[in-house]
Amino acid sequence: MKLLQTILNSTGEWSDLAGDLAPVAADLVLAFGLRSVLEQPGVPDAVRARFPSARHLLVSTAGNFTNTQIEDSGLVCTALRFKASGLRCISGHFNPGTDLEELCKNLAGQLSAPELRHVLVFSDGNFVNGTVLSEAFNACLPSGVTLSGGLAGDGADFVRTLVGLDEPPVPGVVVAVGLYGRTLRIRFGISDCWSSFGPSRTVTSSVGNILHTLDGRPALEIYKKYLGPEAASLPSAALRFPLCVKVAGQSKTIIRTILSIDEDRGSMTFAGDIPSGASVQFMRASYEDLITGAEEAACQAALMPPHTSLVLCVSCVGRRIVLGQRSEEEFEAVRAVFGSGSVLSGFYSYGELAPSGPALVCQLHNQTMTITSIAEEEEVVDPP
Amino acid sequence: MSYHPLLARQLRRAFGSSGDAPREMAALFSQIDAAYRQFDQDRRITDRAMELSSDELSEANALLLSQNRRNEKLLDRLRKTLSHLNTAVPDSSGDDLLHIAREIEHLVADRQATEIALRKAKDAADAANRAKSDFLANMSHEIRTPLNAVVGMAGLILDADLSASQREYVEIIRQNGDALLGIVNDILDFSKIEAGRLELESVPCNLHDIVGQVLDLFSGPALKAGLDLGVFLSPGVPPWVVTDPVRLRQILVNLVDNAIKFTSRGGVGIFVDCRQEETSCRLEFSIEDTGIGIPPERMDSLFKAFSQVDTSTTRKYGGTGLGLAITRRLCELLGGTVHVTSQPGRGSSFCFHILAETCSPVAWAPMANAAPLSGRRILVADDTAIHRRLLVQQLGAWGLLVDVVTSSGEALAAAGCLGDFDILVLDSDMPGMKGESLARELQQSCSGTLPPVLLLGSDDRIAVGGNREGIVKCLAKPVKPAELLSALCGLLRSPSDIPAPAEHVPGCADTGFAGSHPLRILIAEDNAVNRKVIGLSLSRLGYHCTETCNGREAVEAVTAGDFDVVLMDIQMPELDGLSATRLIRARSGCARHPYIIALTANVSTGHRADAAASGMQDFLAKPLRPQALAEALGLAYAWLEKNPAPSPGAPPL
């Protein structure tokens, strides 16, 4: 497996950051950038020109990781070529009114093949309900096939998110990349390190991922009370207080973070479902907790022995908002775990997709650092 | 833009009072400034969130604590209640909620079991009560039949030639028989009411007649007891109403009977008033007496069954104690209530009302018009307060201007001004001077012409209207309002107005009756004594009759013989009266010959309908009254005259 990380800056120039893959040989390019960068005319063309034979996957973000730092200004492109493994890229377009479940099942069906090992999914982060998406993929993918990825971001603006496969990125697109072959080595790490505080509240009214009331009171009203003067910068301010959601009868809790608000209805849209009747609690995190958590995720995902690997980090925009300038520390903690053979890439997202639990079932996560390490065995020993 | 206060101070320390940092370091200081500001913002947000959540948690905690305290109190009460209820619950284990819950479950189960047991007991009691009522009804019936015979026979013996002592003995037998019959009737009524089987009629009836009949019934007893008995009918009381006349009469009879029974001096008054309500009229009756009264502590139990004022009362005055209970239930059945007010030693007042509909007259002689009396002056001399009040109310209601004197002495003292009056009404029973003598005295004392005098007497001798000296008219007490009115009008119109003699009614011992109403009569009656009574009654009307002992014999007799009238008992062995009638009708092929009269003690509407449906033409209630028998035979004769029997060979109708 060969990698090349390079950045297209605002002047249209490329600066290579890591790896030694020849651009013309690249099979796949993961291009992450702020919406303002992606919407600049000529950016998709520039990528195609640099990587003429690769599939180009463009995703808008809330900040990008290069191999060494957080980089907001340019388009960070990480190109790869497998030695023995295969990959297949497909996309679907989701409009309001489309059946997201059908769309995802269709994508999963197209990717399914005996050698399929893992699927990377990058999706619109505004319209698309990540819970529905992950459950639809889970339902269709053969057992043993893992899934990770993330929902596109839009800085702290929450206006629109863009995804594109070989085409200029637009809202509403879901792209899935299937990775095939027994030579693949993939590991995952996930960590949140948020802690709940305050009283537990009951979801008294919600539809899917739209939350209306908690304990009979409009959810937005409670958030505004907690945020005080900061309420002016809703919805991003609400990312400081994600919800710890516990559904009766399920042992695991899940963190849900806000995507948008509706002032008229007093409702809030979250990145995943908030089931009616569930009990929820506000969460908060300290710098130290978040940074330690990121390091833990990295340790889980680290491949032993060290291989040349692509380390795809998808972290939540909420963590960046809380950490501010100290976001770099989170990244550095991750970087320190992986050796020089690894190339780190990734972005701040509106929702992380990663497998969790012993069965490695993919779920939509919020407020986490998720890491997918992908490497290829140099030699494959066929079983006798 | 100014830096964060801390950074600004740090810069002033480092670079002098202006705090101007080297230009090339501006970007660095901007980042430091942003970091400071973010730190402050984080702290503010965190502090606020912590404070708010702390408040919310405290609130929740306080709520929990108060709920806990309440729960503890509840638990404590539960524990106490449980240990009260069940001494087996030890106090020490009271903390165990599960234990308490189990105890409560046990208690609830116990209670349910108790409820089921109680319900079963109640069902059993109800069934027993029904059985008792049935038994009473049957027993009463069984007792009444022979009793009727005893009373009837005694009545017949009294008509025979008897020595004085024999007459006295028979009289005692009849009186006691009557009393016993009354008791049995009470019990029968009561058991019927209790069993919910009393059928009420709703027919047009004349209220004035009913009250008049009650007066007639008690005129003898009142006279014997030396009591004044009278009635006041408010002008608003409609003469015709729709109700059950038998039951209304029964209520009045019960109450008047009681009043007379418990009054030794003075009198008894019946006051009748009426209030129109939306769809009906409310007839209000008040029976007042000047008797012994009722002690307050006994009032409550007065209308309960089998309760008299005290047991000594029963011994002294007799009675079953059912009369007032029956009265109350009858009032309720007629849509009203009954209550009593009383002053011991002064008298009692039983007031009841019923709801009835007014109706147009069925057939009646209208009461004389009271208009000629309006504005006339009348002097009433009566010593009995209650009777005086009745008269004053009644006369006043007709528009007369009434003055009263309460003794013959007062009447004589007023002799000088008697000329001012249009009419004098004198009670003939005032102490000191009898009515007739008083009238004579007044005639002599009066300077001018004495106005017409109406003498109200309880003496049989003057019960017939007379035209003696000074006395223009006599009326026997108790005086019915209609009689009083017509007498007063007559006095004011013409002094010689004498009522037409009463129409001749068939006598009880008129052997000529059979001559004028020749009939061939068959008796079907299983009870030998009753058969005898009927036979004797008929023979005293001049009839010879044929007797049969059951329905089957009756059918055979009718088939074989040629009878005009059959007196058919309803309840008979082998073949009852209804079946026998149906058979007779079927066999003879004639729906109406012979003329069949039902005889039964059971005179309810339902039985009348059954009898009519079986083909009977008339209905006579037992005990058989000779007069009713004669009337019924008169009707039968009249009907047979108009509807002659078809000749034997003629086709059936």
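A note on names: the letters A, B, ... follow the listed sequences, proteins ahead of strands, and every chain is numbered from 1.
- Of the inter-residue distances, the one linking Met283(A) atom CE with Asn366(A) atom CG reads 11.0 Å to the nearest 0.5 angstrom.
- Proximity to chain B (any heavy atom under 4.5 Å) is shown, for Gln325(A), by both the backbone and the side chain.
- Ion pairing between a basic and an acidic side chain is recognised when a charged N comes within 4.0 Å of a carboxylate O; Glu330(A) and Arg326(A) show no such pairing.
- Neither the backbone nor the side chain of Phe282(A) has a heavy atom closer than 4.5 Å to any heavy atom of chain B.
- Neither the backbone nor the side chain of Ile222(A) comes within contact range of chain B; no heavy atoms are under 4.5 Å apart.
- For the residue pair Ser73(A) and Glu71(A), a side-chain donor N or O sits within less than 3.5 Å of a side-chain acceptor on the partner.
- With a threshold of 4.5 angstrom between heavy atoms, Ala49(B) approaches chain A through its backbone and through its side chain.
- Not one N or O on the side chain of Tyr350(A) forms a donor-acceptor pair closer than 3.5 Å with the backbone of Ala271(A).
- Heavy-atom distances place no part of Ser54(B) under 4.5 Å from chain A, backbone and side chain included.
- The aromatic rings of Phe65(A) and Tyr348(A) are tilted relative to each other, their planes meeting at an angle between 30° and 60°.
- Within the 4.5 angstrom heavy-atom criterion, atoms from both the backbone and the side chain of Gln31(B) approach chain A.
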